[in-house]
Each structure stands twice: as structure tokens, then as C-alpha cells.
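Remember, predicted model here, so these are calculated numbers, not experimental data.
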Amino acid sequence: NAGVTQTPKFRILKIGQSMTLQCTQDMNHNYMYWYRQDPGMGLKLIYYSVGAGITDKGEVPNGYNVSRSTTEDFPLRLELAAPSQTSVYFCASSYTRNRGENEKLFFGSGTQLSVL
Amino acid sequence: ILNVEQSPQSLHVQEGDSTNFTCSFPSSNFYALHWYRWETAKSPEALFVMTLNGDEKKKGRISATLNTKEGYSYLYIKGSQPEDSATYLCAFRSGGSQGNLIFGKGTKLSVKP
């Protein structure tokens with residue numbers, strides 16, 4: 001089982017460049033999430049989606065955009081990269097948000113992004 | 001602003017020691033508490049999802065308890081092994097099924113052989 005597949009694993013961007021982080025899941029999960037992990041901090045939610053065609057902002061959405069055209073895919077777009085976006089990014093998915101084991105998150109392998 | 005605190009930040013134990021760490025969260029409007037295990041160079045993996053006050057969950061040598069009235073959860077590891085070395089994350093949800101998970105900073109456990 002592939003689970004949550006996230007690409008690329010590493011990327012270096014110059015200030016002002018754009019890129020898209022890809023995320024796909026094969027578990028037919030309705031809920032998908034993008035988090036960032038900064039040193040010494042907890043995972044922070046950037047954007048999330050409760051189903052195809054529906055997205056919403058998380059705690060730290062500025063500088064990012066998302067789309068959810070299919071159940072499987074949830075790409076994260078950085079339009080004008082800034083040094084503050086240097087971080088490790090994780091995509092995750094869950095089957096439900098209605099209490100119990102099925103609301104646990106499945107994470108992708110992460111993308112280490114540096115903006116110089 | 002909802003805050004989730006984990007203590008200690010890091011812990012070094014010898015193989016065979018039993019250990020425990022704490023996750024503190026707001027006691028009002030509780031919905032769910034998650035524990036994840038995050039090994040270096042890998043992605044976080046779910047250990048437990050806890051929803052009821054007094055919940056106790058167990059997976060092998062790892063167990064967790066939940067007190068929603070006072071706002072804390074304990075994670076216990078019995079007879080630590082080097083392969084238990086990882087960062088253990090807790091995450092709290094409030095506000096019903098629409099609330100998002102708030103993650104703590106984690107407790108980094110190192111088990112020496």
C-alpha cells in the first residue's frame with residue numbers, strides 16, 4: 001500500500017520562485033492536510049480539505065495556495081517563495097474527523113524546502 | 001489561542017528503564033487527543049486516538065491514559081528498547097468534528113543500549 005505519497009523530498013528555491021508540492025493518497029480519505037514543521041515548534045496546519053472541491057485555511061496559510069480537484073490529490077503551491085517558508089512540509093490524510101481510530105492522520109514522508 | 005504542552009522536551013534513558021511523559025491541553029471543550037510516534041528520517045505514525053475521560057489504550061509496551069477534566073494525558077513505555085528512540089507527539093482537538101488538531105512540540109526519547 002502506497003498510503004500518502006509526497007514529492008519532492010528536497011528542494012532549494014531562490015527568493016521569489018514558485019513551486020508546487022505534490023501529495024496524493026490511495027486510501028480514499030476525504031480529509032487531507034498540509035502541515036509545516038519548524039525547528040523547536042509543533043506541526044502547524046497550513047491548509048486542509050474536507051473533500052474534493054472544498055479547501056479551508058489553517059493556522060498559517062499566508063504565502064500558500066491549495067486546490068483539491070480529486071479525492072486523491074492535494075497539491076500545495078508556493079507562489080513567491082520567501083526565506084520564512086524554509087521548513088519541512090508534511091501532507092497528511094484521514095478517513096474521518098468523527099472521533100475514534102478512523103480520525104488518525106496518515107503522513108507523507110515530508111519535503112525539506114530551503115528558500116535562499 | 002489553544003496551547004498543547006509536552007514535558008519533558010527530551011529524555012535519555014537506559015535500555016530496560018520504564019518511562020513516561022506528559023501532554024497538557026485545555027480542559028474545556030475537549031474532543032479528541034492523539035499520540036504519534038516520529039522516528040528520525042521518517043514520518044509521524046499514529047499510536048492512539050483517545051476520546052473519553054478515563055480512556056486507557058495499550059499497544060505492546062506502550063500505553064496511554066487520558067484525563068479530560070484536568071487536561072492531561074500520560075504516555076508510558078515499559079522496559080524501553082533502543083528502537084523506542086523517537087519523538088512522541090501529542091495533538092489535541094476541541095470544538096467538535098470541525099476543530100483542527102493542535103500539536104505539541106514533542107518529547108524526544110533516546111534509549112541507550
Practice task
Any chance you could measure B/Phe48, atom CZ, to A/Lys104, atom NZ, to the nearest 0.5 Å?
Solution key: 11.0 Å
Problem - Enclosure of A/Tyr95 OH (heavy-atom neighbours >12, cutoff 6.0 Å) - result: no
Practice task
State plainly whether one hydrophobic cluster holds both A/Tyr47 and A/Tyr31, where clusters connect Ile, Leu, Val, Met, Phe, Trp and Tyr through side-chain heavy atoms under 4.5 angstrom apart.
Solution key: no
Problem - chain B contact via A/Gln37 - which portion, at a heavy-atom distance below 4.5 Å - result: side chain
Practice task
Identify whether B/Phe21 and B/Tyr72 are in the same connected component of the hydrophobic contact network (ILVMFWY, side-chain heavy atoms under 4.5 Å).
Solution key: no
Exercise for the section: Output the distance between atom CG (B/Leu101) and atom OH (A/Tyr35), rounded to the nearest 0.5 Å. Expected result: 5.0 Å
Practice task
Kindly work out whether a path of hydrophobic side-chain contacts (I/L/V/M/F/W/Y, heavy atoms less than 4.5 Å apart) joins A/Phe74 to A/Ile46.
Solution key: yes
Exercise for the section: Give the minimum heavy-atom separation between B/Lys57 and A/Glu101, together with the two atoms involved. Expected result: NZ-OE2, 4.3 Å
Practice task
Using a cut-off of under 4.5 Å on heavy-atom pairs, state which of A/Gly100, A/Ala92, A/Ser109 scores highest against chain B.
Solution key: A/Gly100
Handout entry: Path from B/Leu66 to B/Val49 over hydrophobic side-chain contacts below 4.5 Å
Key = no
Practice task
Could you list which of residues 33-47 of chain B have a heavy atom closer than 4.5 Å to any heavy atom of chain A, in residue-number order?
Solution key: B/His34, B/Tyr36, B/Trp38, B/Ser43, B/Pro44, B/Ala46
Problem - Other residues, nucleotides, ligands: >12 heavy atoms within 6.0 Å of A/Ile12 CD1 - result: no
Exercise for the section: Find out whether A/Glu103 and B/Tyr31 are in side-chain contact, i.e. whether some heavy atom of one side chain is under 4.5 Å from a heavy atom of the other. Expected result: yes
Handout entry: Interface residues of residues 84-91 of chain A facing chain B - heavy atom cut-off under 4.5 Å
Key = A/Phe90
Practice task
Could you tell me which portion of B/Lys108 (side chain, backbone, both or neither) has an atom closer than 4.5 angstrom to a non-hydrogen atom of chain A?
Solution key: neither
Problem - Region of A/Leu105 in contact with chain B, defined by heavy-atom distances below 4.5 Å - result: both
Practice task
Identify whether A/Val66 and A/Met32 are in the same connected component of the hydrophobic contact network (ILVMFWY, side-chain heavy atoms under 4.5 Å).
Solution key: yes
Handout entry: Neighbour count >12 (heavy atoms, 6.0 Å) for atom CD, B/Gln9
Key = no
Problem - From CA spacing to verdict: side chain to side chain contact (heavy atoms under 4.5 Å, CB included), B/Asn100, A/Glu59 - result: CA-CA 9 Å; B/Asn100 290 310; A/Glu59 189 179 353; over 6 Å; no
